[in-house]
Number of protein chains: 2
Amino acid sequence: MAERPIGDRRRIPEATVARLPLYYRALLETGEMGIATVSSERLAELAGVNAAKVRKDLSYLGSYGTRGVGYDAEYLLHQIARELGLSQDWPVAIVGAGNLGQALANYRGFGARGFRVVAVLDADPRKLGLEVAGLAVEAFADLDDIVVGRKVTIGIIATPGHAAQEVADALVAAGVGSILNFAPTLVAVPAEVSMRKVDLATELQILSFYQLRRALLDQPRAAR
Amino acid sequence: MAERPIGDRRRIPEATVARLPLYYRALLETGEMGIATVSSERLAELAGVNAAKVRKDLSYLGSYGTRGVGYDAEYLLHQIARELGLSQDWPVAIVGAGNLGQALANYRGFGARGFRVVAVLDADPRKLGLEVAGLAVEAFADLDDIVVGRKVTIGIIATPGHAAQEVADALVAAGVGSILNFAPTLVAVPAEVSMRKVDLATELQILSFYQLRRALLDQPRAAR
DNA sequence: CAGACTTTGTGAGTCTGTGCACAAGGTCGA
DNA sequence: TCGACCTTGTGCACAGACTCACAAAGTCTG
């Protein structure tokens, strides 16, 4: 079972990347339970996917299983962590010290795996110095220095929508390579920066779509 | 341009459903700017997708555009809202009055479009009565009465991971049809209930994956 | 040491989603 | 009324993701 160098293999499909964190979490749990070996079947159950998918996903990382036995839980955990870059340290800056920004900063198990909040910023002078999760809120104007000085690689946008693009531009200009956007607005970034977005309103509207269908099934008269 | 009854047409692909909220938001903006007619090209730009996709997506709703002209912004907005069920009222209950639960309850533009937080619950007796977004925190034990009495259709799980499954079970038992899960755990629900999940750790790990690749491109020696 | 048994890794087929390119259909000016 | 022009709606080809089914490769028992 030789470790293959990162990146030096066939491209890992996006859908697979999105599932690796699930496997990672599942393996952490089996680890706590002291289980040494785990089959794709079991792992599938723990991650809420099907077994064939698990095997194919893991095969992109290399042949880390043993036929007839399963996967060595600890070794596989290590491999996935390595692949996801969790053995590295990723300093995170949160922009926006409102309700959401504070909640995110206080999120436990955040710093846990390599992610460490090193700054919380806000443009509102009244928020300056406010203590959030053990950090003093700093001025948005100092973003550049903070990003460079503390080697921030991931920026989290937790501002109102209208400020989001400006914040994103500033993050990119400062050299941040990854952005997680919680603001409900379209934010454009250069192709070499990755951005993911989390939007409460969108999620609720999707739920509402399906909820409506189900409601109509029960009483088809309500065609509104 | 006749309105077709909801549900009574070819099935709308999941990917399209996930984009309707984007179009909805874009149309709200054009509305504020007083723009009466919008082309697929323009809408694509505002929503951050490509024009062909916009046209195909909208075509699933019916033929609501005019060739040579574009779409009537207000009418289209109305149609999308109808399709997403935004003309209805969806009472929402938030379970978990911690940092995240409070942040979600205070989220502006939440109640805006049909979604209305009608209860915030917590199992911790010390949280009882605490005022969050104008609501007193109520006991988790009262979930059933609250859901039934206030006709809650959407439940939001904002508890620590270990409580999530129990909360989900209780929500389902009480009759909630849609769940939005913020807890970082696998939660199983019956097929007739829809659930979407938002997981900060997963998002960060995905970003970290791609960030790592970029870092390796810059200095290929660091194979760790 | 052989054969039964278990579980991985993957080829092949199917389904879903994307994007191009263009005919169909409508507007507008002369 | 006619023709130039514009934009929608969609057929088609392609790419990505999912699932099945099974050969390959290992373990374990007698």
Side-chain angles (χ1 to χ4, degrees), chain A residues 1-4 9-23 26-27 30 35-73 75-77 79-80 83 191 206 209-210, chain B residues 1-2 4 9-23 26-27 30 35-73 75-77 79-80 83 206 209-210:
Chain A
M1 289 209 254
E3 290 194 3
R4 297 204 218 163
R9 65 180 63 92
R10 56 191 148 162
R11 209 185 110 273
I12 300 182
E14 229 174 296
T16 295
V17 173
R19 277 188 298 266
L20 289 181
L22 300 185
Y23 304 144
L27 287 168
T30 65
I35 297 170
T37 281
V38 63
S39 68
S40 61
E41 190 90 35
R42 180 100 183 82
L43 195 48
E45 197 182 317
L46 290 170
V49 302
N50 90 29
K53 215 184 298 193
V54 171
R55 289 199 297 275
K56 187 152 280 185
D57 284 344
L58 295 183
S59 78
Y60 289 113
L61 311 189
S63 277
Y64 295 140
T66 308
R67 297 174 190 224
V69 177
Y71 301 87
D72 179 300
Y75 185 68
L76 184 56
L77 188 66
Q79 289 305 330
I80 294 181
E83 204 73 35
I206 295 171
F209 175 92
Y210 292 108
Chain B
M1 290 208 253
R4 297 204 217 164
R9 66 181 64 91
R10 55 189 151 163
R11 210 185 109 275
I12 299 181
E14 229 174 297
T16 295
V17 173
R19 279 189 295 267
L20 289 180
L22 300 185
Y23 304 144
L27 287 167
T30 64
I35 295 170
T37 283
V38 63
S39 69
S40 60
E41 190 91 35
R42 181 98 182 85
L43 195 48
E45 197 182 316
L46 290 170
V49 300
N50 92 26
K53 214 185 295 192
V54 171
R55 290 200 295 276
K56 189 156 280 187
D57 284 343
L58 295 182
S59 78
Y60 289 113
L61 311 189
S63 276
Y64 293 139
T66 308
R67 296 175 190 225
V69 178
Y71 301 87
D72 180 301
Y75 185 68
L76 184 57
L77 188 65
Q79 290 303 331
I80 295 180
E83 204 73 33
I206 295 171
F209 175 92
Y210 292 109

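The shown structure was predicted, so the numbers you read here are calculated from the model rather than taken from an experiment. Within every chain, numbering begins at 1; the chains are lettered A, B, ... in the order of the sequence lines, protein sequences first and strands thereafter.
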Would Tyr75(A) and Tyr64(A) count as a close aromatic pair, with their ring centres under 6.0 Å? yes
Using a heavy-atom cut-off of under 4.0 Å over every strand shown, decide if Arg19(A) touches base, sugar-phosphate, or nothing. sugar-phosphate
Name all residues meeting the side chain to side chain contact (heavy atoms under 4.5 Å, CB included) criterion together with Ile80(B); count only those two or more places apart in sequence or in a different chain, and write none if there are none. Leu20(B), Tyr23(B), Tyr24(B), Leu27(B), Leu58(B), Leu61(B), Leu76(B), Leu84(B)
Please set out all donor-acceptor pairs under 3.5 angstrom arising from side-chain atoms of residues 48-55 of chain B, sequence neighbours excluded.
unit_1	atom_1	unit_2	atom_2	d
Asn50(B)	OD1	Ala52(B)	N	2.9
Asn50(B)	OD1	Lys53(B)	N	3.0
Arg55(B)	NH1	Ser40(B)	OG	3.0

What's the CG-C1' distance between Leu61(A) and dT10(C), to the nearest Å? 15 Å
For Asp72(A) and dT27(D), what is the distance between atoms CG and P respectively, to the nearest whole Å? 13 Å
Find the distance Ile12(A):CD1 to dA17(D):C1' and express it as a whole number of Å. 15 Å
For the residue pair Glu83(B) and Val17(B), establish whether any side-chain heavy-atom pair is separated by less than 4.5 Å. no
Please identify each residue that fulfils side chain to side chain donor-acceptor pair (under 3.5 Å) with Thr16(A), with sequence neighbours left out. Asp57(A)
Contacts satisfying salt bridge (charged side-chain N to carboxylate O under 4.0 Å, His left out) that involve residues 38-49 of chain A (not counting sequence neighbours) are Arg42(A)-Glu45(A)
Starting at atom CG of Leu20(A), determine the distance to atom P of dA17(D), rounded to an integer number of angstrom. 13 Å
Of the nucleotides dG17(C), dC18(D), dT18(C), which one has an atom closest to the side chain of Lys53(A)? dC18(D)
Sequence-aligned protein contact record of nucleotides 5-11 of chain D, with B where the base is within under 4.0 Å of a protein heavy atom and S where only the sugar-phosphate is: -BBBBBB
Starting from P on dT8(C), measure out to CG on Asp57(A) and report it in whole angstrom. 13 Å
